[in-house]
Amino acid sequence: RLAALGALVAGVAHELNTPIGTSITVASTLQDVSAQLTRTMETGLTRSGLATFVRQTQEASDLLMRNLTTAAHLIGSFKQVAVDRTSAQRRRFFLDQLVANTLETLGTQRMHARLTFSTEIPAPIEMDSFPGPLGQVLSNLIQNATIHAFDENACGEIHIAARLASSSSVEITVSDNGKGIAPENLSRIFDPFFTTRLGQGGSGLGLNIVYNLVKDVLGGQITADNRAEGGVVFTLRLPLVAPAGAPAAL
């Protein structure tokens with residue numbers, strides 16, 4: 001989990017480069033514009049010069065606010081995910097917010113301008129469970145799809161959906177429209193060290209970790225099937241209230 005957190009930190013740092021870099025550039029421009037105004041005032045400030053300064057500072061302020069708000073939102077999402085993943089803290093949370101935070105922190109790992117992501121999660125589905133392990137499950141399933149489901153440079157879609165299966169359980173599906181799994185491998189994909197891409201980005205542990213987290217920590221079940229229209233669907237069936245004593249499994 002700490003290795004996954006390290007990758008998450010690197011991804012968030014990369015994602016922050018754009019809004020923070022833009023903000024630094026805008027702040028530097030504001031500094032230059034202010035210095036120029038100071039010099040102009042010494043020789044005589046005109047109405048048009050003042051109007052230009054006001055317009056430039058307003059535009060720069062708007063740009064600064066947009067980029068810093070983006071950075072603050074990303075940092076807020078990361079802080080919650082990081083705390084959850086390192087502490088395995090049990091708490092009440094809404095599923096749609098957890099999925100949104102997970103996708104946001106995975107933003108730079110989606111290589112993946114070639115892939116599109118969509119969600120269909122009705123609000124509110126509230127859970128009393130472990131958002132860190134659940135976020136790790138979703139992250140591993142998404143990363144597994146990006147590695148295995150699509151040929152290089154192929155376009156594809158990953159879809160996350162959820163519904164209440166009963167008054168006490170939720171069903172979450174993570175599906176793609178990729179090339180699917182060979183039927184003879186379907187019964188083995190959750191086995192430790194089983195991979196069809198050894199030495200090519202697959203360790204054979206990602207789906208085994210998913211299986212153990214779902215079963216031992218979240219108290220649920222997970223299955224995988226090929227879709228009739230192509231691709232794979234992973235189906236998680238989880239209790240809305242995680243079983244007592246689950247943290248010991250971590």
Side-chain angles (χ1 to χ4, degrees), residues 1-16 71-110 117 119 121-147 158 160-165 168-174 190 192 203-224 234-250:
R1 286 186 293 135
L2 290 177
L5 182 60
L8 182 64
V9 170
V12 171
H14 181 77
E15 187 78 3
L16 284 170
H73 183 68
L74 182 62
I75 291 170
S77 298
F78 167 68
K79 284 172 62 179
Q80 185 60 68
V81 171
V83 167
D84 285 340
R85 291 193 180 187
T86 53
S87 68
Q89 174 186 355
R90 179 175 187 146
R91 64 180 175 87
R92 301 183 72 88
F93 59 93
F94 290 106
L95 183 58
D96 59 333
Q97 295 175 359
L98 172 73
V99 172
N101 285 347
T102 300
L103 286 176
E104 186 163 4
T105 54
L106 281 173
T108 57
Q109 299 177 34
R110 300 179 190 171
F117 294 76
T119 60
I121 303 174
I125 296 178
E126 187 175 19
M127 301 181 69
D128 179 358
S129 188
F130 300 93
L134 179 52
Q136 185 176 351
V137 165
L138 295 174
S139 297
N140 283 10
L141 290 176
I142 291 170
Q143 291 167 350
N144 182 75
T146 62
I147 293 172
I158 296 175
I160 304 174
R163 68 177 184 88
L164 287 174
S168 60
S169 64
V170 62
E171 180 180 279
I172 304 171
T173 58
V174 180
F190 296 115
S203 67
L205 289 175
L207 290 183
N208 180 252
I209 291 171
V210 164
Y211 179 84
N212 290 330
L213 287 174
V214 170
K215 181 176 179 293
D216 297 334
V217 178
L218 302 174
Q221 299 176 333
I222 181 170
T223 58
F234 288 90
T235 303
L236 292 76
R237 296 176 180 86
L238 306 175
L240 293 174
V241 178
L250 293 172

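Since the model is a prediction, treat every value here as computed from it, not as a measurement.
In this structure, Leu236 and Val170 have side chains that are not in contact, with every pair of non-hydrogen atoms separated by 4.5 Å or more. You'll find the side chain of Arg237 reaches within 4.5 Å of the side chain of Thr223, heavy atoms only. Annotation: side chain of Leu134 is in contact with side chain of Met127 (closest heavy-atom distance under 4.5 Å). The shortest distance between side-chain heavy atoms of Arg91 and Pro131 falls below 4.5 Å. Under the 4.5 Å side-chain criterion, counting only non-hydrogen atoms from C-beta, Ser139 is in contact with Thr102. Looking at Asp96 and Ile125, their side chains never come closer than 4.5 Å, going by heavy atoms from C-beta outward. Side-chain contact between Val137 and Ile172 is absent, with no heavy-atom pair separated by less than 4.5 Å.
Smallest separation of non-hydrogen atoms from Phe130 and Leu218: O-CD2, 3.8 Å. Closest approach of Pro133 and Leu213 over heavy atoms only: O-CD1, 3.9 Å. The minimum heavy-atom distance between Pro239 and Gly219, with the atom names listed, is CD-O, 3.3 Å. Taking all atoms of both residues into account, the shortest heavy-atom contact from Leu207 to Phe190 is O-CD2, 3.4 Å. Of all the heavy atoms in Ile209 and Gln136, the pair that sits closest is CG2-NE2, 3.8 Å.
Applying side chain to side chain contact (heavy atoms under 4.5 Å, CB included) to Val210 and the options Leu141, Val174, Asn144 leaves one that passes, Leu141.
Rounding to the nearest 0.5 Å places CG of Leu164 at 9.5 Å from CG of Leu95. Put simply, NZ on Lys215 and CD1 on Ile222 are 13.0 Å apart, with the number rounded to the nearest 0.5 Å. Phe94 CZ to Ile121 CD1: the interatomic distance, rounded to the nearest 0.5 Å, is 13.5 Å. With values rounded to the nearest 0.5 angstrom, Leu240 atom CG is found 6.5 Å from Ser169 atom OG.
Arg90 places a side-chain N or O within donor-acceptor distance of the main-chain N or O of Ala242, the cut-off being under 3.5 Å.
For Glu126, the CD atom sits in a packed shell: over 12 heavy atoms of surrounding residues, nucleotides or ligands are nearer than 6.0 Å.
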